[in-house]
Amino acid sequence: MKRPIISPSVLDADFLHFENEVQKIKDAGLEWIHFDVMDGTFVNNISFGNLFLKSVCPKIDLFKDVHVMIANPLEMVEKFKEAGADCLTFHYEACQNDQEIFDVIDKIHDFNMKAGIAIRPSVSIEEIYPFLSKVDLVLVMSVEPGYGGQHFVESSLDRIAKVKNEIVSNGYNVLVSVDGGINDTIAPKCLNNGADVLVVGQYLFNHSDFKDRVERLLK
Ligand code: DX5
Ligand code: ZN
């Protein structure tokens, strides 16, 4: 069985000592880092943007898993390429129609990034099925986007299993990523339902035992 990917969300990391936070990720043997970009419009919170990523990404030799919770993904694709994103995941709900979704996916690929589509818990998982043949990753949000440290929405487990089944039965090559409220109890449930990537924020950061926590997620 493939080793699950842990993608630490730095939303609640210690930004005064960001280099140390990145080192913790590397010392734990992880290869991904998750950046939650929030614009204050698509979600009622503002985190950091493409200019912050542009300042740090070139110095981080990890896979830059960028999750944009922004209202205008199509207009920002090039800016996140310039910022150093390796995978750019936008929200289904941020687009006006299917054509715009296909346009965003194509533009992300045109800029040689992996394309991810995210869907919030309140939206039927079947809504993203038409795009599975085009994307590289599906981000099943297990909390409403906008904040770290929320409780995992239990119905997400069924959504993970459903979208994984749709991917496998059609032979698509798409990673299933889960994002929000994940800890050592919930992680195995997500993996058993088909998750390939676990985005984990507050369970990992602001504790003294980062590496031990990573091992507990993967036990
Ligand atoms: C929420 C973000 C998540 C969140 C994960 O909008 O997409 O990445 O920060 O953090 P935890 O694990 O703290 O829920
Ligand atoms: Zn995220």
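Every number for a ligand or one of its atoms is a count from 1 in the order of the listing. Predicted, not measured: the structure shown is a model, and the values here were computed from it.
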*Asks:* When you compare the side chain of Leu137 with that of Val135, does any pair of heavy atoms fall below 4.5 Å?
*Replies:* no
*Asks:* Once salt bridge (Lys or Arg N to Asp or Glu O under 4.0 Å) is applied, do any residues pair with Glu144, and if so which ones, sequence neighbours excluded?
*Replies:* Arg120
*Asks:* Taking the six-membered ring for Trp and the full ring for Phe, Tyr or His, determine whether the centres of Phe15 and Phe52 are under 6.0 Å apart.
*Replies:* yes
*Asks:* Listing by chain and number, which protein N, O or S atoms are under 2.8 Å from the Zn ion (ligand 2)?
*Replies:* His34 NE2, Asp36 OD1, His67 ND1, Asp179 OD2
*Asks:* Is the contact between Asp179 and ligand 1 made by the side chain, the backbone, both, or neither, using heavy atoms and a 4.0 Å cut-off?
*Replies:* side chain
*Asks:* Answer yes or no: is there a donor N or O on one side and an acceptor on the other, between the side chain of Ser142 and the main chain of Ser156, under 3.5 Å?
*Replies:* no
*Asks:* Does ligand 1 have a heavy atom under 4.0 Å from the side chain of Tyr203, from its backbone, from both, or from neither?
*Replies:* neither
*Asks:* Would Asp36 and Ser47 satisfy side-chain hydrogen bond (donor to acceptor under 3.5 Å, both in side chains), going step by step from the backbone distance to the final call?
*Replies:* CA-CA 7 Å; Asp36 287 306; Ser47 57; over 6 Å; no
*Asks:* Which of these, Gly201, Gly148, Gly181, has its nearest heavy atom closest to atom 14 (O) of ligand 1?
*Replies:* Gly181
*Asks:* Among all the protein's non-hydrogen atoms, which is closest to atom 6 (O) of ligand 1, and how far away is it?
*Replies:* Gly146 N, 2.8 Å
*Asks:* For the pair Asp12 (side chain) and Asn206 (backbone), establish whether a donor and an acceptor sit closer than 3.5 Å, ignoring hydrogens and angles.
*Replies:* no
*Asks:* What are the two closest non-hydrogen atoms of Asp179 and Ile182, and how far apart are they?
*Replies:* N-CD1, 4.4 Å
